[in-house]
Amino acid sequence: MSDSAPDGAEQAEWFAGPVRGIARPWREGLARRLAAVHALDREERDVLLEAGHTALLTSLHAKLTRLFLVELHALRMAQGVDPAGPGTTDADTGVWAAFIEQAGAEGYLDKLAGRYPAVGPRVATVARMSVAATAAFAERFAADRELLAPLLGGAPGRIRAVTFGAGDSHGGGLTVSRVDLTGGIVMYKPRSSEADVALGGLLDELFADFTGAPAPEKRIRVPRTLPRDGYGWAEFVRHRYCADEAELASFYRNMGHWLAVLRFTGGTDMHAENMIADGPVPVIVDAETLFDAPAPFPTSGRGDAVDVAAAAIRRTVLRTGLLPVRGTGFALGGVDISGAGALPGQQPLIPNPVIADGGTAAARFEVGMTAMPTAGNHPSPTPVLSAYWDRILAGFREMTAHLRRPGVDPVRLLRRFEGTRARRILRPTQAYVDIGRMLWHPASLHDEGAAVERARDILRRNAAVLPGAPTDPETIDGEIADLLAGDVPMFGFTVDASAVRTTAEDWRTADFVLEESVIQDALVGAYLNERSLPARVRTAAEQPHARDRERRRRRLAARMVRRLCDGAVRGADGTVTWISPVFTPAGWSIRVLPADLYTGQGGVALVLAEYVREVRAGRADEVPGVAETLDGALRVLIDTEERTPTPSAGAFSGAASQVWTWLALHRVLGEEWPLVRAAERAALLDGPLVDGDVEVDLLNGAAGGIVPLLALAASTGQDRWLATAAHIGRRLEGLATVDSRGACWTTRLNPEGIGGFAHGATGIGWALARLALTEAGSAAERRAWHGLAERAFAFQESLWQPGQGNWLDVRIGAEEDFFTSWCHGSAGIGVGMLDLHRRAGDPAHLDMARRAARACAAEGFGWSHTLCHGDLGLWQFLSTLGSGDPDALDGEILTGLEQRGPVGGLAREAFSPSLMSGLSGVVHSLLCMHREASLPDPLLLD
């Protein structure tokens, strides 16, 4: 199976008849080639003939479908049939039947040569390579049949079935293939297999004296392999789920072992399809991408700290491909294909072209959304990775310690790979897939020269942003030649003594503290969003108290801000940033901090500024280096905003978050320049970030722009920002879904329409209600916004469950039905309603806030120390409302932090510097705990 995105349209067989006609001469040629392989009997040759022919048909159908659709519509237009007209059903199907007859006639492609001069030669090349690949397989199998017994545990027997095309094709239509024999199943790999053998030998040596090693049948391994000259045969590994909890624990410990071994050998590209779960054993079935040497990236322009942090990340175990990493771009945006991740229920739908109205003259491509296919990498039908994070980390630690024990020579261990062939991934496979489709588009078949030049330009531009990608014209032309023939380009090299020394030195000089942190952080990325959280564990503080509150508060705040500074990455130029799990519209990902407020540089810089201010006011203890860290962080924040695209309009992830951050810094620092910068960033909200927004919500979407814009208008006295806010209000009006329940908004992440503050109807309604209280828009518009806000609150109220004393969370796939968090639960609802009551005095809003407080108090504390979805959000809401004993509320937070340390919600114990889900939020809350503190409120954008 390919590691690129699936394409349903290319798998449909509406044009099977014409494709069979085109392939007929090549089938006959393949039959002649197979007849010459006398070591195969007639039935075996027939099996191979059908398998090879099927592979060719599948390939040609994928490549020619768009051409067929264009020619179908040309015929329809020539016959004057309007598929949208009345009473054209018979004519419509008649055109289809006429086209299928024409396209299936002998010499059809020859007749198209005038319009598509490239199609005939290109089809001939693909077919010739396919026939040659099948014939070569037949000859190799015939020669090697009796040698396969060790892989099968007995005599191979006769061929029963062959499946070509298990993966992308390389080097002339060659693909990994499955061979079903009467004596068992083997895999055929049309590439050198010496590296697999060497990796197996390394594992044998490592486990020979590994203290506490799993039983031989339960440790990590590669398939048994028979290497031949330029190709090989491998044992077929059958996917099997773990039988019990003990096997599951062993599986994830073994995943940690693989991370250590792959980090040691410079392994990459170990995605979900390169791993098979054989009960407790994760088996790497394709070990061709070892001895990777990351290319240096050009300087980012965001400061030396960013470059140092990015280089550090590229050296870590993230490059193995085992740890969750979310894809970017249109086809695989948000998709996790990692060996440890790719969790069911945590993958976004992806675009999938299909043929609509097949069988009629109206047949056409439409892009639907489909689920990513599952691979065999999971040890259970419903894997819960979060329950085994500690096992993965423990496995990594113990294998790394084994490799680093005294007397171990990494060069000697790796020398066994010298002379083997390895592959280097220089461009993403998806980039090749997209360019390949472009080169087979009818327009490209019409003017191949122009298409080739477009491909050259794309590859050159790709190399400009992808260090290590080929830039020389000869290599690029070679890539294009492969793509024209339907292959995915592949770059290989022979491992030599220099590669061994370089890889060993890279491992010797690794920062294993960072490696462990990256593992823990990256595992968060398996979870797309908070639609389905890992199981939460409540650990309430034991005997919480507020005695000696001020001393404890100051001490904790100083300790946390020191930890925040110590965890920073610093550049020689004085710039400062952090490496952390970051929440993006595509899900969680570990990276250098972006600019935003939620998990980004903006939120951290704001909290450092708050600490400096509180120290000057005598409400916090001096911590050396905080002011310098703030200065370096602000420099990176400015350069990041200037040099990286702003992904959304949102108040926590996008342009509005930048506006609010600079407004807050203006207030905290007492300086004018942040206000100027806030206005500069607000200009981003006049344009496509709002008009093209598909998320709409407060956190990521257009609704988040309203309140920061209102604050900017108040701070600058400029009415233009009220006009921008009014434009957003009109857009929200147009996108609302209003029914008997009230008003809600459907989004890409939550197409069902949900309640809650950060992502749902309550937050959007709150923003509209705030807009209605200003001079923005006309009086009629303000009345309409107020009415729509009340309809949004009615939708939230439709979710109220009196028996539960809380509002139902209606997100599809949510693990919990009721939340008390700021993002999706009662704390956020209460915060918004309390704010509106204080501004407008509506008793219904106060009633909702009080019910929210009772729900929060009933669940209590002890979950995590985060503003977004933990104790700190609850504390801030309940303290602001004046619900409960202030000493008791403060005591819960202080005692919990003293007893457990900061616990970061979804990231658990992983270090996160962020404001909304990490350490900065802890510092902010401890500073706010002082009765005289007056700091910006990120939960309300106040």
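Worth knowing before you read on, the calculation uses all heavy atoms, side chains too, and leaves out hydrogens, waters and symmetry mates. In this chain, residues are counted from 1 in sequence order.
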*What residue among D937, V831, L834 forms side-chain contact (heavy atoms from CB on, under 4.5 Å) with T880?*
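Of the listed residues D937, V831, L834, the side-chain contact (heavy atoms from CB on, under 4.5 Å) partner of T880 is L834.
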
*Residue among V604, V607, L608 satisfying side-chain contact (heavy atoms from CB on, under 4.5 Å) with V923*: V607

Tell me yes or no: between the side chains of [X] and [Y], is some donor less than 3.5 Å from an acceptor?
X    : Y    : result
R570 : T577 : no
E790 : H845 : yes
T640 : R302 : yes
E614 : H930 : no
N700 : S648 : no
D307 : T299 : no

Side chain to side chain, [X] and [Y], heavy atoms closer than 4.5 Å:
X    : Y    : answer
L675 : L712 : yes
M916 : T866 : no
P936 : E610 : yes
V306 : T575 : no
S925 : L867 : yes
L663 : S715 : yes
L872 : I893 : yes
F757 : C823 : no

Please find the pair of heavy atoms, one from [X] and one from [Y], that lie closest to each other, and give the distance.
X    : Y    : answer
A312 : I579 : CB-CD1, 4.4 Å
L669 : L630 : CD2-CD2, 4.4 Å
A609 : L665 : CB-CD2, 3.6 Å
W785 : G777 : CH2-CA, 4.0 Å
W673 : I638 : CZ3-CD1, 4.1 Å
L564 : W578 : O-NE1, 2.9 Å

*So is R811 actually on top of F819's ring, under 6.0 Å and inside 45° of the axis?*
yes

Report yes or no: does [X] contribute a side-chain atom to a donor-acceptor pair with the main-chain N or O of [Y] at less than 3.5 Å?
X    : Y    : result
D521 : I590 : no
Y611 : L927 : no
R553 : L926 : yes

When you check the gap from the basic side-chain N to the acidic O, do [X] and [Y] get nearer than 4.0 Å?
X    : Y    : value
R677 : E642 : yes
R731 : D693 : no
D835 : R839 : yes

*Tell me, with the steps shown, if L593 and T599 meet side-chain contact (heavy atoms from CB on, under 4.5 Å).*
CA-CA 7 Å; L593 295 191; T599 50; 5.7 Å; no

*Decide side-chain hydrogen bond (donor to acceptor under 3.5 Å, both in side chains) for R681 and S657; before the verdict, give the C-alpha distance in whole Å, the side-chain angles of both, and the deciding distance to 0.1 Å.*
CA-CA 9 Å; R681 304 314 292 170; S657 83; over 6 Å; no

_Derivation and outcome, side-chain contact (heavy atoms from CB on, under 4.5 Å), residues H759 and L698_ = CA-CA 6 Å; H759 299 287; L698 277 183; over 6 Å; no

*So W822 and F652, would you call those rings parallel, tilted or perpendicular, with 30° and 60° as cut-offs?*
perpendicular

*How far apart are the C-alpha atoms of V325 and S338, what are their side-chain angles, what is the distance that settles it, and do they pass the side-chain contact (heavy atoms from CB on, under 4.5 Å) test?*
CA-CA 7 Å; V325 175; S338 65; 5.9 Å; no

_Pair F795, R791 - check side-chain contact (heavy atoms from CB on, under 4.5 Å), show working._
CA-CA 6 Å; F795 176 85; R791 296 299 297 155; over 6 Å; no

_side-chain hydrogen bond (donor to acceptor under 3.5 Å, both in side chains) between D596 and Q601, intermediate numbers included_ = CA-CA 6 Å; D596 66 68; Q601 191 92 0; over 6 Å; no

_side-chain hydrogen bond (donor to acceptor under 3.5 Å, both in side chains) evaluation trace for W662 with E641_ = CA-CA 12 Å; W662 290 111; E641 289 179 345; 3.0 Å; yes

